[in-house]
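Working notes, structure below.
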Amino acid sequence: MGSCANDGSTEYDDPASLEKMKEPVLPLKLMPLHTNGWLHDMKLSSPSAVFASNGTSSGAFDPIYRAWTKKYPSALNAFDHIVAYGKGKKIVLFLDYDGTLSPIVDEPDNAVMSDQMREVVRNAALHLPTAIISGRSRDKVFDFVKLTELYYAGSHGMDIMGPVGEHDSVTDRGSSINSNKKQGKEVKIFQAATEFLPMIDEVFRLLIEKTKAIEGVKVENNKFCVSVHYRNVEEKDWKVVAQCTNDVLKVYPRLRLTHGRKVLEVRPVIDWNKGKAVEFLLDSLELANCNNVLPIYIGDDRTDEDAFKVLRDDKRGFGILVSSVPKDSHALYSLIDPSEVMDFLKRLVMWIEGEALHKSQ
Ligand SMILES: O=P(O)(O)OC[C@H]1O[C@H](O[C@H]2O[C@H](CO)[C@@H](O)[C@H](O)[C@H]2O)[C@H](O)[C@@H](O)[C@@H]1O
């Protein structure tokens, strides 16, 4: 297997097997491969939250954060304004998982969702179409959420289990595998990058091998993408993580890199992301061309920005960024942390129930 080369060169045991992967089939959209650039992004994407003495995030009391909320008002404070906009409309809910429904923890396998949050999400899904869109594999995120009432998009939207719609007008790629009974309802499985599965598996194994000497690193297979976690790596070694990942990635021009919260995400170069998944799901729900639909997307990560942007550009719905630190975003509103997400969802359901009661009288 290959080893990390500080001079940027790479050695592989079986170059022939990799050779066939080198041919770019799609236009390249690689981020700059200069690892110092990566390092800069790694630091930027890992800002430290401000914490109060009791351990809770103190964003609301921090003057810089409060100034930031002038641009991204709290969705709780702006709740009446949000629902006024949703009055008479069908609200569709899109939720990210890590950092939105579950707090960020050191060990990705321990990112469990509280029973209370699960109940709130379940209740939301009983009142309005609800989908989880995660960077994790679809199976893994389902194992955490365990709710059959929802739709799921894993691997940053590249693997969707959605409703059976009439048409797939938003996509000319990928495969709708079937329409079958899964988790008790009629669903369609859409996968945008099936041909990349062998490559992703190979890269997953290579990344494990190449990074095995770095203490704290964790490589996670998310089916259509691979996550290289550096949350538990000492900051002085982040450069080595970037170098090792770069060494692997540069022989795979059909893969690209994006940054998440203390994680490097390796994924296909295809034009597909969480924003496309939102469009696909709205289309499948046959709500894509309706004026009386209000999609709301709640997420905390850089990869959620694609979804925020779609909603913002279409002027149809809006994003809510979950963050305890000021960040630039395409979202319109903000929430500090998953506990505020829970409060927002509870209020939304109460409002929907109130509206239904009002209508029935
Ligand atoms: O789209 P998401 O549902 O937010 O998934 C994005 C990544 O989330 C997970 O990593 C993040 O959460 C971990 C658990 O709290 C944390 O340890 C890690 O540092 C974060 O980056 C998940 O493990 C990744 O595979 C997802 O891509």
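Taking a cutoff of 4.0 Å between a charged side-chain nitrogen and a carboxylate oxygen, D328 and K71 qualify as a salt bridge. At a threshold of 4.0 Å, the pair R122-E119 counts as salt-bridged, since one of the basic side-chain nitrogens sits closer than that to a carboxylate oxygen. Taking the charged nitrogens against the carboxylate oxygens, K309 and D306 have no contact shorter than 4.0 Å, which rules out a salt bridge.
Atom NZ in K315 sits 9.5 Å away from atom CZ in R312 (nearest 0.5 Å). Separation of atoms CG (L76) and CD1 (I320) is listed at 8.5 Å; rounding is to 0.5 Å. Distance CE/M158 to CD1/I133: 12.5 Å, rounded to 0.5 Å. Once rounded to the nearest 0.5 Å, the distance linking CZ of F308 with CG of D313 reads 13.5 Å. Summarising the geometry, atom NE2 belonging to H156 is positioned 12.5 Å from atom CG belonging to D159; distances are rounded to the nearest 0.5 Å. Rounded to the nearest 0.5 Å, atoms OG (S329) and CG (D301) are 11.0 Å apart.
The cluster map of Ile, Leu, Val, Met, Phe, Trp and Tyr, joined by side-chain heavy atoms under 4.5 Å apart, puts I352 and I298 in the same cluster. With hydrophobic clusters built from ILVMFWY side chains whose heavy atoms lie under 4.5 angstrom apart, L95 shares a cluster with V112. Residues W351 and L128 are members of one and the same hydrophobic cluster, defined by side-chain heavy-atom contacts under 4.5 angstrom among Ile, Leu, Val, Met, Phe, Trp and Tyr. Residue L197 is grouped with residue I208 when hydrophobic side chains (ILVMFWY) are merged at heavy-atom distances under 4.5 angstrom, including chains of intermediate members.
Cation-pi geometry between K89 and Y85 is satisfied (NZ or CZ under 6.0 Å from the ring centre, within 45° of the ring normal).
There is no side-chain donor-acceptor pair under 3.5 Å between N232 and K218. No side-chain donor-acceptor contact under 3.5 Å links T303 and E265. Side-chain contact check for Y252 and E202: at least one donor-acceptor pair (N or O, by modelled atom type) lies under 3.5 Å. Side chain to side chain, S324 and D337 fail the donor-acceptor criterion of an N or O pair below 3.5 Å.
In plain terms, the two heavy atoms of G99 and P338 that are nearest each other are O-CG, 3.7 Å. Considering every non-hydrogen atom in both V241 and T245, the closest pair reads O-OG1, 2.8 Å. In terms of heavy atoms, L281 sits closest to Y151 at CD2-CB, 4.3 Å. Across all their heavy atoms, Y297 and V278 have their closest contact at CD1-CG2, 3.7 Å.
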For the pair F79 and F344, evaluate ring-ring contact (aromatic ring centres under 6.0 Å, His included) and give the outcome as yes or no after the intermediate values.
CA-CA 8 Å; F79 187 79; F344 178 82; 5.7 Å; yes
Evaluate the criterion ring-ring contact (aromatic ring centres under 6.0 Å, His included) for residue pair F190 and W272; output intermediate values, then yes/no.
CA-CA 12 Å; F190 172 79; W272 198 266; 5.2 Å; yes
Any chance you could lay out the ring-ring contact (aromatic ring centres under 6.0 Å, His included) test for Y97 and F144, step after step, and finish with the verdict?
CA-CA 9 Å; Y97 182 72; F144 277 120; 5.4 Å; yes
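Proximity of a side-chain donor or acceptor of E305 to a complementary backbone N or O of H330 within less than 3.5 Å is detected. A distance-only check finds a donor-acceptor pair linking the side chain of E107 to the backbone of D109 [under 3.5 Å].
No more than 12 heavy atoms of other residues, nucleotides or ligands lie within 6.0 Å of CD in E234, so this atom counts as exposed by the packing criterion.
Judged as a side chain to side chain contact (heavy atoms under 4.5 Å, CB included), and not counting sequence neighbours, the contacts of P295 are F94, L282, V293, L311, R316.
Contact check for H229 versus V219: no side-chain heavy atoms found under the 4.5 Å cut-off. Residues I160 and I189 are not in side-chain contact: their nearest non-hydrogen atoms beyond the backbone lie 4.5 Å or more apart. Counting heavy atoms from C-beta on, the side chains of R136 and K223 never come closer than 4.5 Å. Taking the side chain as every heavy atom from C-beta outward, R254 and M199 approach each other to under 4.5 Å.
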